[in-house]
Amino acid sequence: MKTAKLGILRERRDELLHSSLSKALSSAQNPKQLHKVHTLLITSGLERSAFFSGKLISKYAQLKDPISSFSVFHQLSPAANVYQWNSIIRALTHCGLFSKALELYAKMRDMKLKPDTYTFPSVINACAAAGDFQTGCVVHNHVLEMGFGFDLYIGNALVDMYARFGDLIKARNIFEEMPHRDIVSWNSLISGYSANAYWEEALEIYYQARIAGLKPDPFTISSVLPAFGGLLAIKEGEVVHGLVEKLGINADIIVSNGLLSIYFKFGRLMDARRVFNQMVVKDTVSWNTLICGYCQMELFEESIELFMEMVRSFRPDLLTITSILRACGLLQDLEFGKFVHDYMIRSGFECDVTASNIIIDMYAKCGDLVASGKVFDRMKYRDSVSWNTLINGYIQSGSYDKGVKLFKKMKMDLKPDCITFVALLSICTRLADMELGKEIHCDLAKLGFDSDLVVCNALVDMYAKCGKIDYALMVFENMKVHDIVTWNTVIAACVQAEDCSLGLRMVNQMKNEEFMPDMATMLGILPICSAIAAKRQGKEVHACTFKLGSESAVSVGNALIEMYSKCGNLMYSIRVFEHMKTKDVVTWTALISAYGMHGEGKNALKSFEEMLAAGLIPDHVAFIAIIYACSHSGLVEEGLAYFDRMKKDYNIEPSIEHYACVVDLLSRSGQLSKAEEFINSMPLKPDASIWGALLSASRASGDLKIAERISQHIVQLDFDDPGYYVLVANVYAALGRWDDVRMIRKSIKVKGLKKDPGCSWIEIKKRAYAFGTGDKFFKQYEKVNKLLGTLANLMAKEGYVADLQYALHDVEEDEKRGLLYGHSERLAIAFGLLNTEPGTPLQILKNLRVCGDCHTWTKYVSKIVKREILVRDANRFHKFQDGTCSCGDHW
DNA sequence: CTAGGGTTAG
């Protein structure tokens, strides 16, 4: 009786002890309290009880003390039961000791202990977190073998694991086959898609969950927000923001941080700011997102101010520091950058690879490559980004050889990646060093990077800029996917190779593949339009710039000015110029050149002075433009004055192009001997362009004595441009020295040079018609020939006499006249007259300079047929009207 | 069992 009573009392006491210890255990907030409870458990002999040992293990893990967890477990084994094994595996996983957790799982199986459904979630979690795909699959098999495939928690863990491995197909399959799902299942899949940037899929699952009537929780929202951000789905993002308010989860810090982040991605600074200001609790991530967002919007000064504000109440972490270092680099604020670097070292973040990489970049952007190199050398571990960043730093500072050297060192240490090769190719491009380029091409092909889009784009660019358009096109043809940069590069390659028709075909092909042109595309197409005077396409591009909102970009405006002027519409050039809000030296130079081409020298002078008044400093190109403009309007004194001012006032050493312009200026105005004197007094060795300028002028003015002397100079120079040989041959032809003509023609052939055949174009009703010299094989040849005959008779009455020195073959006079008839611009003009309404102005394009006889001929035609005829030759525009030409014969 | 912020390039 007594013992029974005692027994009941003891039981009652044990119960009370048990429950109070249990309460104390779960409410322990810190290691100190926990150790106290642990001691009590030991003294009461409850430490190893199934209930308390498991709790202890978990509680230590919760307070991030895996060693104590393990020591509790260790005292139990080998007698530990499944519950205790589960606890230790979960504890180790929770504390990040994944391989240790997996080791224990394997040991548990070795001991023939049967895992239960509670074992697997943490084991799977450990595989996922450790990135151990193989073990993950093995564990998955165990799950199936044991018939746990339908367990909700295990299924959720598996979805998460495969998603982390990037195997979204498997994750999706498991998800689809789960007999029961909860919000965690949906969240795991959404987050898996989001983390792997499968934005559309993330949204698809999110909307499915919504349709299925699931209530989103903070996990759902923070997993789906990056997808809205990634797709720039502003409207939908705002809807989610509304939903967050409605669900009352706007106080969740991770949700708010997510909202903050997407508003920055949308470029909505004010909305981001509002989210941030309304946050009751902020953490380091909130501040980092804010600071980083300001950096993304290029508000670097403001981001540094925010950083200063942050440090008053928060301790910046590694990510704060790296964000701010990026800002320092982009601001080139070396001073502050050094300060932050120092702070980082003091905070013990120096060993972080990413942070060190950013520091290398920061110093490089600030131009201190020595400091970059020091940081690089001090790093214990380097990844490919470290190497790439330093290589790119050397490239930016122009130390290409150092970049190449570092690349060779890198190859001995680790595998270069596609970014490394892009950097190296840019070295080849900048140096136009194709030998190195080919070497790099081989290197990267061996590693399989020749299928990488960005690398291929860089290859196309490299070959094109090295002058090998055929290689560039070969790489392009072999590419499986293209992006907008591919097209822009290949279009630029065509421009570089002066193959306008190929360029236009590329533009069409690009449109066929439904690529939206961007600003770079426009800047690529405009020079093509300029070169072939494709005004219609040029106008289309102009319209496109409005659609893209890039019409106010300076570079676009500059290209438009050139395009309109080369297409013969000076007025539009001026209009574009006047509408530009910001104008740089290039803008003014484009306008000055436009006036120059159209023979409006006075306006060119005026513009030049206006440019100076606007406070811009002319560069060497601006001087070429103005001297050229003077030369084409016969403003000799003014041109010479600018040549002097360039040296005196702007300290620009004249280059060969400037000298060529001055020679042109003097000789066009008929001052041939002065030009020759000028050449002989030049400090630079005159090249073909210098002698050529004088020669063509002396031929035009009929001074064959000088022409002959100059020709000898040119022949002696022995260069590779066929144009000048043709010029010399023409002089000998005019002198009737046909043996010399034959000799020159032969030497062109021997050198393997090909002269550009004369060619003219005219556009009628959206179609371009091209005519070569002496062409007979076109549809309306008979009609054209008849019209030329009629015109010849009318002209003869007006006093026109053919200048036979421009017929360049050794034939009888009558035949010479016939040859002149066949000059391509005459064919084009006659064709134009036949196929347009009377009174319509004609616009002709010619690849070479107009010959003297054709110039005279066209003047007569303009008077006889009462038409305005605009001819663009290789140099400039000639506007023929009522028997005169706008060039005032200065062509 | 599920969530947020950082680096290099054409």
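Numbers restart at 1 for each chain; the letters A, B, ... are given by sequence-line order, proteins then strands.
Residue-level contact check: A/Ser188 touches the backbone only, with heavy atoms under 4.0 Å from sugar-phosphate atoms and none from bases. Using a 4.0 Å heavy-atom criterion, one finds that A/Thr389 contacts the sugar-phosphate atoms exclusively. Within 4.0 Å of A/Asn488, counting heavy atoms only, lies no atom of the nucleic acid at all. In this structure, A/Ala355 reaches the bases: a heavy-atom distance under 4.0 Å links it to at least one base atom across the strands shown. Note on A/Ile358: only backbone sugar-phosphate atoms sit closer than 4.0 angstrom, heavy atoms only; bases stay farther off.
The side chain of A/Pro121 lies closest to B/dC1 when the candidates are B/dA3, B/dG10, B/dC1. Each of B/dT8, B/dC1, B/dG10 was ranked by its minimum atom distance to the side chain of A/Ser426; first place goes to B/dG10. The nucleotide whose nearest atom lies closest to any side-chain atom of A/Phe219 is, among B/dT8, B/dA3, B/dC1, B/dA3. For A/Val454, the listed nucleotide lying nearest its side chain is B/dA9; candidates were B/dA9, B/dG6, B/dA3.
Residues A/Phe476 and A/His482 bring their aromatic ring centres within 6.0 Å. Taking the six-membered ring where the residue is Trp, the centroids of A/His441 and A/Tyr471 are separated by 6.0 Å or more. The ring of A/Trp387 has its center closer than 6.0 angstrom to the ring center of A/Phe376.
Residue A/Arg181 holds its CZ atom at 6.0 Å from CD of A/Glu176, rounded to the nearest 0.5 Å.
The backbone N or O of A/Ser191 sits nowhere less than 3.5 Å from a side-chain atom of A/Ser194 that would complete a donor-acceptor pair.
Here A/Phe175 pairs with A/Trp186 under the ring-ring contact (aromatic ring centres under 6.0 Å, His included) rule; sequence neighbours left out.
One cannot find a donor-acceptor pair under 3.5 Å joining the base of B/dG6 and the side-chain atoms of A/Asn357. Below the 3.5 angstrom threshold, one finds no donor paired with an acceptor across the side chain of A/Ser223 and the base of B/dA3. Between the side chain of A/Asp483 and the base of B/dG10, at least one donor-acceptor pair of N or O atoms lies under 3.5 Å.
Here B/dG10 presents its P atom at 11 Å from CG of A/Asn457, a figure rounded to the nearest Å. If you measure from atom CZ of A/Phe264 to atom P of B/dG6, you get 12 Å, rounded to the nearest angstrom. Nucleotide B/dA9 holds its P atom 15 Å from the CG atom of A/Leu406, rounded to whole Å.
The phosphate of B/dT2 has OP1 or OP2 within less than 4.0 Å of a side-chain N or O from A/Asn125. Contact between the side-chain N/O atoms of A/Gln396 and the OP1/OP2 oxygens of B/dT8 is not found at any separation under 4.0 Å. Within the structure, a side-chain polar atom (N or O) of A/Arg326 is placed less than 4.0 Å from OP1 or OP2 of B/dT7.
Remark: of the listed residues A/Thr354, A/Thr389, A/Asn357, A/Asn388, A/Asn357 is the sole one forming a side-chain hydrogen bond (donor to acceptor under 3.5 Å, both in side chains) with A/Asp383.
For DNA chain B, the residues of residues 154-164 of chain A within the heavy-atom distance limit of 4.0 Å (strictly under) are A/Asn156, A/Asp160, A/Arg164, sorted by number.
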